[in-house]
Amino acid sequence: MNEIDFKNWMLKKHINKKVQSDYVSRLKRIEKELQNFDIDEQYRIDKCNYLMSLFSNMGMKELINLYPHTSLPYGKYYMNTYRLALKKYVQFMTETTVPDIE
């Protein structure tokens with residue numbers, strides 16, 4: 001995760017520092033809990049669609065069974081906060097990433 005640029009981007013969007021910290025913490029936890037996922041790599045692969053699918057419906061999907069040792073709060077409303085942090089990071093990447101020219 002490009003933490004520094006993400007924080008600077010959020011600062012420009014007038015997102016307060018507490019919320020910035022919460023987003024970054026949640027994204028780091030996602031990367032750690034899901035077998036050391038790299039969110040930037042997931043963005044390059046599919047714009048984080050796979051990750052977003054894990055967090056849809058509060059994480060109550062069969063895909064989540066692929067990660068049995070995670071301690072994320074699956075099935076609880078709090079899962080939506082992780083999805084929101086991920087959405088915000090995707091928005092950051094979409095707005096700041098230069099598209100590949102082929």
- Return the minimal non-hydrogen interatomic distance between Met1 and Glu31, and the atom names on each side. N-OE2, 3.4 Å
- Could you tell me the separation between the NZ atom of Lys17 and the NZ atom of Lys7, rounded to the nearest 0.5 Å? 8.0 Å
- Note on the structure: Hits for ring pair (Phe, Tyr, Trp, His ring centres under 6.0 Å) against Tyr50, two or more places apart or cross-chain, chain-then-number order -> none
- Task: Could you tell me which non-hydrogen atom of Leu27 sits nearest to which non-hydrogen atom of Phe6, and how far apart they are?
- Result: CD1-CE2, 3.6 Å
- Message: For Asp46, is there any backbone N or O sitting under 3.5 Å from a side-chain donor or acceptor partner on Asn49?
- Response: yes
- Query: In terms of hydrophobic clustering (I, L, V, M, F, W, Y; side-chain heavy atoms under 4.5 Å; direct or indirect links), are Val19 and Met10 co-clustered?
  - Reply: yes
- Atom CG of Leu54 and atom CG of Leu72: how far apart are they, to the nearest 0.5 Å? 9.5 Å
- Message: Any non-hydrogen side-chain atom of Thr94 less than 4.5 Å from a side-chain atom of Tyr43?
- Response: yes
- Return yes if some donor-acceptor pair links the side-chain N/O of Ser25 with the main-chain N/O of Asp22 below 3.5 Å, else return no. no
- Rounding to 0.5 Å, atoms CE (Met79) and CG (Leu84) come to a distance of 12.5 Å
- Do Leu34 and Leu51 have side chains that get closer than 4.5 Å, going by heavy atoms? yes
- Could you tell me which non-hydrogen atom of Glu33 sits nearest to which non-hydrogen atom of Thr70, and how far apart they are? OE1-OG1, 2.9 Å
- Item | pair Tyr23-Tyr89: side-chain heavy atoms closer than 4.5 Å | no
- Message: Less than 4.5 Å apart, side chain to side chain, heavy atoms only: is that true for Cys48 and Lys87?
- Response: no
- Query: Does the pair Asp40/Arg44 count as a salt bridge with the N-to-O cut at 4.0 Å?
  - Reply: no
- Task: Check for a donor-acceptor pair, side chain of Arg26 on one end and backbone N or O of Leu86 on the other, with a separation under 3.5 Å.
- Result: no
- Between NZ on residue Lys32 and CZ on residue Arg29, distance to nearest 0.5 Å: 8.0 Å
- Message: For the CH2 atom of Trp9 and the NZ atom of Lys88, what is their distance to the nearest 0.5 Å?
- Response: 5.5 Å
- Task: State plainly whether the residues Lys13 and Glu95 are in salt-bridge range, i.e. N to O under 4.0 Å.
- Result: yes
- About how many Å separate CZ of Arg83 and CD1 of Ile30, when rounded to the nearest 0.5 Å? 11.0 Å
